Amino acid sequence: MNTPIWSDTSHSFQAPKYQAPQAAVSSDAATTTNQQDQSIIKHLGRLVPLTPSVDRFAGSTTGIYFIRCAEAAYKSLFNHEEGFPDVVNRLHLLGAGPEYSQTRHLSKSSNISRPPHFLLENTRAFHLRGVTDFFKFWSSIWPIFMEKQFLSAFHRVFDLVETHNPNLSPSDYVILRQIFLVLSITAWQNRSPTECNSYYLNALECSRLTTASENEGLAGLQSLLLTCLYLQLTRKHEEWIQTAGQAVRLAQSLGLHRHSRRFRFCAGEMELRKRMWWCVYAVDV
């Protein structure tokens with residue numbers, strides 16, 4: 001404290017030197033044991049396991065390297081062997097999103113105890129027309145879905161809804177949220193503002209029935225990108241800016257900005273990740 005590290009005559013900032021922290025275990029199959037033993041600074045491009053089903057990008061954009069450096073400094077200064085708890089690496093995932101904090105557009109309070117079958121009140125054929133219109137008019141502009149996979153998930157969830165099955169999983173509510181966002185966009189295109197807003201409110205209610213881990217993967221990013229499109233079309237610019245920032249941060253944490261050769265994915269998933277990243281880029285621009 002008595003020795004200043006910055007002075008008027010100095011042109012460089014000298015930071016304290018600590019031993020480089022070790023890298024987290026990577027889920028990349030191409031990573032060898034020797035690579036895992038190297039400093040994390042050499043691995044600013046690796047996917048590390050966050051949950052059994054979700055990998056996060058351990059790059060400079062996520063702050064994980066900063067957390068590891070702080071952990072190493074803590075151990076060195078206080079002669080402490082125990083590391084930071086794993087939850088520290090996920091602190092940025094907590095907190096309210098814009099759909100929770102911005103309530104002025106909600107015309108009625110949500111009741112999450114209501115059964116899921118109230119959401120899709122019309123027939124399957126009626127909603128399928130809206131989904132088909134989305135892929136017809138928007139898939140080339142907003143190519144964040146593989147049509148075959150989305151339609152398969154649509155029919156699977158609709159089978160549960162039609163049987164009034166109350167045991168929808170959080171992943172099913174993620175699909176329901178995407179369906180309602182798609183329907184709200186097609187309703188806007190058909191100049192049905194009341195129907196458009198109603199679908200969006202249902203999408204918000206579905207988002208409250210999902211868990212944080214369900215919103216950390218590609219499906220969560222797809223929902224954010226659909227929300228960005230809806231908010232842009234309906235000119236809700238303040239919420240759009242916040243949601244766009246969430247989409248950029250999540251896309252970077254999933255490593256979409258890294259070259260596909262760095263990760264082991266099938267050809268279809270690599271193509272989808274590439275398309276989604278360009279949509280995120282368009283949102284940011």
Side-chain angles (χ1 to χ4, degrees), residues 27-29 47 51-57 119-120 124-161 168-189 199-200 202-203 206-207 210 213-230 232-233 243-244 246-248 250-284:
S27 61
D28 190 351
L47 288 177
T51 66
S53 60
V54 176
D55 293 332
R56 305 294 283 184
F57 176 70
L119 294 170
L120 296 172
R124 183 192 301 233
F126 177 84
H127 292 301
L128 185 58
R129 284 195 297 270
V131 173
T132 304
D133 287 342
F134 175 84
F135 283 100
K136 179 180 179 181
F137 296 105
W138 292 97
S139 60
S140 59
I141 303 174
W142 219 238
I144 61 175
F145 291 114
M146 296 297 183
E147 183 175 1
K148 183 177 180 180
Q149 296 176 353
F150 186 86
L151 290 177
S152 176
F154 170 84
H155 289 295
R156 178 179 58 79
V157 171
F158 220 104
D159 289 338
L160 298 174
V161 172
L168 267 68
S169 65
S171 60
D172 293 330
Y173 281 108
V174 173
I175 300 300
L176 267 177
R177 180 186 180 186
Q178 294 177 353
I179 292 173
F180 282 123
L181 288 170
V182 165
L183 293 175
S184 66
I185 293 170
T186 54
W188 173 89
Q189 181 176 338
Y199 285 138
Y200 183 64
N202 285 341
C206 287
S207 70
T210 58
S213 60
E214 297 296 333
N215 294 318
E216 296 166 6
L218 292 180
L221 180 57
Q222 289 169 332
S223 298
L224 285 176
L225 289 173
L226 283 175
T227 304
C228 286
L229 180 58
Y230 168 84
Q232 187 176 19
L233 294 174
T243 307
Q246 285 184 311
V248 172
L250 179 56
Q252 289 181 325
S253 68
L254 293 173
L256 298 191
H257 63 303
R258 306 296 293 181
H259 198 284
S260 58
R261 286 199 301 259
R262 297 184 65 89
F263 309 125
R264 297 284 185 91
F265 297 112
C266 65
E269 185 168 359
M270 284 195 297
E271 177 64 22
L272 179 61
R273 289 168 65 92
K274 203 180 304 182
R275 294 180 181 185
M276 290 177 63
W277 171 247
W278 281 111
C279 288
V280 171
Y281 174 80
V283 164
D284 191 42

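These figures come from a predicted structure and were not determined experimentally.
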Exercise. Can you tell me how far the OH atom of Y200 sits from the CZ atom of R177, to the nearest 0.5 Å?
Worked result: 8.0 Å
For this session: State, with a plain yes or no, whether a side-chain heavy atom of E271 is found less than 4.5 Å away from one of K274.
Result: yes
Exercise. How about M276 and L254: do any of their side-chain heavy atoms sit closer than 4.5 Å?
Worked result: no
For this session: Taking all non-hydrogen atoms of both residues into account, name the closest pair between R275 and P143 and its distance.
Result: CB-O, 3.3 Å
Exercise. Aromatic rings F154 and F158: how do their planes relate, parallel, tilted or perpendicular, breaks at 30° and 60°?
Worked result: tilted
Problem set entry | Beyond-backbone contact of Q222 with L272, side-chain heavy atoms, under 4.5 angstrom | yes
For this session: Please name the pair of heavy atoms, one in A247 and one in L225, separated by the smallest distance, quoted to 0.1 Å.
Result: CB-CD2, 4.3 Å
Problem set entry | N/O donor-acceptor pair under 3.5 Å between T227 side chain and S223 backbone | yes
For this session: Measure the acute angle between the ring planes of F145 and F150, then classify it against the limits of 30° and 60° as parallel, tilted or perpendicular.
Result: tilted
Problem set entry | Close side-chain approach of W277 to V280, heavy-atom, < 4.5 Å | yes
Problem set entry | Between CG on residue N202 and OG on residue S207, distance to nearest 0.5 Å | 11.0 Å
Problem set entry | Other residues, nucleotides, ligands: >12 heavy atoms within 6.0 Å of F137 CZ | yes
Exercise. Closest approach of L183 and T186, non-hydrogen atoms and distance?
Worked result: O-OG1, 2.9 Å
Seminar exercise, completed: Distance col, row S152:OG vs M146:CE, nearest 0.5 angstrom, shows 14.0 Å
For this session: Give the intermediate values and the outcome of side chain to side chain contact (heavy atoms under 4.5 Å, CB included) for residues W142 and C279.
Result: CA-CA 7 Å; W142 219 238; C279 288; 4.3 Å; yes
Problem set entry | L128 and L151, any side-chain heavy atoms less than 4.5 Å apart | yes
For this session: List the steps, then state whether side chain to side chain contact (heavy atoms under 4.5 Å, CB included) holds for V248 with H257.
Result: CA-CA 10 Å; V248 172; H257 63 303; over 6 Å; no
Exercise. Do L181 and Y199 come within less than 4.5 Å of each other through their side chains, counting heavy atoms only?
Worked result: no
Exercise. How long is the span from the CG atom in D172 to the CG atom in L160, to the nearest 0.5 Å?
Worked result: 5.5 Å
Exercise. Is H127 close to V182 at the side-chain level, that is, under 4.5 Å between some pair of heavy atoms?
Worked result: no
Problem set entry | Contact summary for V283 and C228, nearest pair of heavy atoms | CG1-SG, 4.1 Å
Exercise. Could you give the distance from CG (L221) to CD (Q252), rounded to the nearest 0.5 Å?
Worked result: 11.0 Å
For this session: Quick one: list whatever passes ring-ring contact (aromatic ring centres under 6.0 Å, His included) with F126, sequence neighbours left out.
Result: none
Seminar exercise, completed: When every non-hydrogen atom of Y230 is compared with those of S184, the smallest separation belongs to CD1-OG, 3.5 Å
Seminar exercise, completed: CD of Q232 to OG1 of T243, rounded to nearest 0.5 Å, is 11.5 Å
